[in-house]
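Note: hydrogens, waters and symmetry copies are ignored here, and every other heavy atom, side chains too, is used. Order of the sequence lines sets the chain letters (A, B, ...), proteins ahead of strands, with each chain counted from 1.
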2 protein chains.
Amino acid sequence: MLSFFTVDCLIFTFHEGKLKVLLNERNEYPYRDWWAMPGYFVDKQEEMEEAVNRIAYEHTGLKNIYLEQLVAMAGLKRHPEGRILTVAYMALVRYDDVKNKVKPVTNYMRQAKWFDVNEVPELAFDHNDILKLGLEKLKRNLNYSTASFEILPEKFTLTQLQQIYEAVLGETLDKRNFRKRMSNLGYLKELDEYQTGVSYRAARLYKLDKRKFLKLFA
Amino acid sequence: MLSFFTVDCLIFTFHEGKLKVLLNERNEYPYRDWWAMPGYFVDKQEEMEEAVNRIAYEHTGLKNIYLEQLVAMAGLKRHPEGRILTVAYMALVRYDDVKNKVKPVTNYMRQAKWFDVNEVPELAFDHNDILKLGLEKLKRNLNYSTASFEILPEKFTLTQLQQIYEAVLGETLDKRNFRKRMSNLGYLKELDEYQTGVSYRAARLYKLDKRKFLKLFA
DNA sequence: TTTAATAGTGTAAAAAATACACATTATATT
DNA sequence: AATATAATGTGTATTTTTTACACTATTAAA
């Protein structure tokens with residue numbers, strides 16, 4: 001008697017200055033018609049990491065996203081049929097890479113949709129709890145991970161970077177101090193390129209210098 | 001068909017200047033005669049948190065320890081019978097509270113024994129991997145948690161506190177700077193008591209001021 | 001009384017964090 | 001062409017935190 005369990009994916013992105021989370025509208029028992037994190041059963045002969053990638057793809061259309069384990073939930077009442085353990089994973093994706101791709105390829109789910117993290121409805125199962133844990137983890141790791149850069153376009157403005165910090169920390173930051181701090185970190189590459197398509201002064205673009213980042217943290 | 005899985009407990013303490021981990025010598029298939037983290041199957045009608053407390057007690061004799069979830073492991077090959085998912089928990093205990101109590105009350109395990117974290121043998125299942133993750137978590141959280149104080153006697157010397165920091169971080173620290181930093185944190189209560197039974201100058205004892213600690217982190 | 005072992009202490013320098021306001025620039029509007 | 005709009009980009013002074021560094025004090029045992 002082997003383990004029978006599900007995985008769930010908490011997928012964040014950043015768009016129009018807001019932190020967003022990807023949810024599915026369920027088309028199946030239980031919690032049919034409810035919004036839920038993309039998730040499903042792991043196959044018997046499938047490694048959990050394969051499963052979570054497959055399931056993320058089937059339920060959202062997203063491929064090759066980097067999912068990291070968040071938490072296991074095993075409450076006896078989390079599923080109407082009894083305890084079904086789930087392992088929740090978390091991923092960060094660039095909105096530009098995925099904006100036209102979020103569409104389930106199974107019909108277990110009716111649609112996939114980005115929600116502002118502050119406007120998430122009551123979700124199926126214990127998914128609101130998982131979301132809360134995910135946001136806390138994002139906050140804890142903000143300064144020690146590339147999370148902000150995975151979620152931004154590859155070339156980003158300092159204002160965008162600051163917006164992520166503010167969204168994740170839930171507080172506003174001083175622009176000058178933020179910029180000073182970021183450039184002192186030493187792993188931002190200043191580009192000779194500027195924002196386009198804005199009706200005001202275009203901001204300079206930056207990208208993450210991964211080599212320097214890795215030197216600092218490994 | 002509900003979830004069938006195990007929990008494992010990674011239990012740390014601090015003794016004689018060393019960080020230690022509690023392991024069982026297994027008396028049952030699989031990995032009979034191997035050392036392993038205390039762990040066993042969760043009962044069908046038992047919440048996971050209850051299970052992990054029960055199992056910690058049955059395999060080590062320790063009660064009322066605070067266990068926090070670390071990671072779920074679900075490798076297809078982690079168990080010879082096929083995938084048995086396990087959820088690993090982590091706890092920190094005071095050596096003085098438990099020194100005479102680590103004894104299994106089931107006979108699934110032959111004995112429970114403290115190992116220096118640097119002298120852990122090859123363990124059953126994927127327990128060496130779990131240990132590594134636990135040590136990393138300990139390190140990440142060192143400055144933001146009461147971990148060091150849970151693992152020390154309630155009244156401790158600053159040298160003991162420093163030894164924990166050094167053991168967890170794996171580097172030596174400057175005594176004066178360490179003491180300055182700790183007293184600046186503002187949540188150490190200086191007692192009018194001193195170490196006894198040492199054959200050299202007795203050090204002053206301190207304890208954690210939990211109220212002040214909580215004010216800072218909540 | 002001497003030895004051994006650890007406790008306990010201060011200062012100067014460097015680095016990082018904070019508080020704070022205005023001129024600049026690109027586009028859109030009239 | 002002039003103006004309005006909206007966001008960009010920048011500096012300094014102050015405070016706080018971190019770092020580097022070495023000797024005297026105290027206790028018990030020999």
Rounded to the nearest angstrom, tell me the gap between atom [atom1] in [X] and atom [atom2] in [N].
X: A:R204; N: D:dA7; atom1: CZ; atom2: C1'; value: 16 Å
X: B:Y206; N: C:dA7; atom1: OH; atom2: P; value: 11 Å
X: B:Y165; N: D:dT18; atom1: OH; atom2: C1'; value: 15 Å
X: A:Q162; N: D:dA7; atom1: CD; atom2: P; value: 13 Å
X: B:M182; N: D:dT18; atom1: CE; atom2: C1'; value: 13 Å
X: B:L191; N: C:dG8; atom1: CG; atom2: P; value: 12 Å
X: A:L173; N: C:dC20; atom1: CG; atom2: P; value: 15 Å
X: B:K175; N: D:dT19; atom1: NZ; atom2: C1'; value: 17 Å

A:R204 and A:D192 ion-paired at < 4.0 Å
yes

What I want to find out is whether B:K113 reaches B:E25 closely enough, with some N-O distance under 4.0 Å, to be called a salt bridge.
no

For D:dT19, does the base pair up with any side-chain atom of B:K180 as donor and acceptor (N or O, under 3.5 Å, distance only)?
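By the distance-only test, yes, there is a pair.
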
Taking donor-acceptor contacts at under 3.5 Å, does the side chain of B:R201 reach the base of C:dA7?
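Answer is yes: a donor-acceptor pair is held.
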
Closest heavy-atom contact between [X] and [Y]?
X: A:R94; Y: A:L152; result: NE-O, 2.5 Å
X: A:R26; Y: A:A36; result: CD-CB, 3.6 Å
X: A:A91; Y: A:Y66; result: CB-O, 3.4 Å

Note the angle between the end axes of the helix from C:dT1-D:dA30 to C:dT30-D:dA1, five pairs defining each, rounded to 10 degrees.
0°

Quick one: pull up OH in B:Y31 and NE2 in B:H127 and give me the separation to the nearest 0.5 Å.
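Nearest 0.5 Å value for the OH-NE2 distance: 9.0 Å.
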
Taken to the nearest 0.5 Å, the spacing of B:L22 CG from B:F12 CZ works out to 11.0 Å

Mapping A:Y200 and A:R176 onto DNA chain D by nearest heavy atom, which one lands closer to the 5' end?
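On the 5' side of the pair lies A:Y200.
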
Given DNA chain D, 5'-ward residue of the pair B:A202 and B:R181, judged by closest heavy atom
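Checking each residue's closest nucleotide, the 5'-ward one belongs to B:R181.
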
Determine the contact category for A:T159: base if any of its heavy atoms lies under 4.0 Å from a base atom, sugar-phosphate if only primed atoms, P, OP1 or OP2 are that close, otherwise nothing.
sugar-phosphate

Name the nucleic acid region contacted by B:N184, choosing base, sugar-phosphate or nothing; use a 4.0 angstrom heavy-atom cut-off, strictly under.
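No contact at all - B:N184 keeps every heavy atom at 4.0 Å or more from the nucleic acid.
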
Closer than 4.0 Å, any side-chain N/O of A:R179 to the OP1 or OP2 of D:dG9?
yes

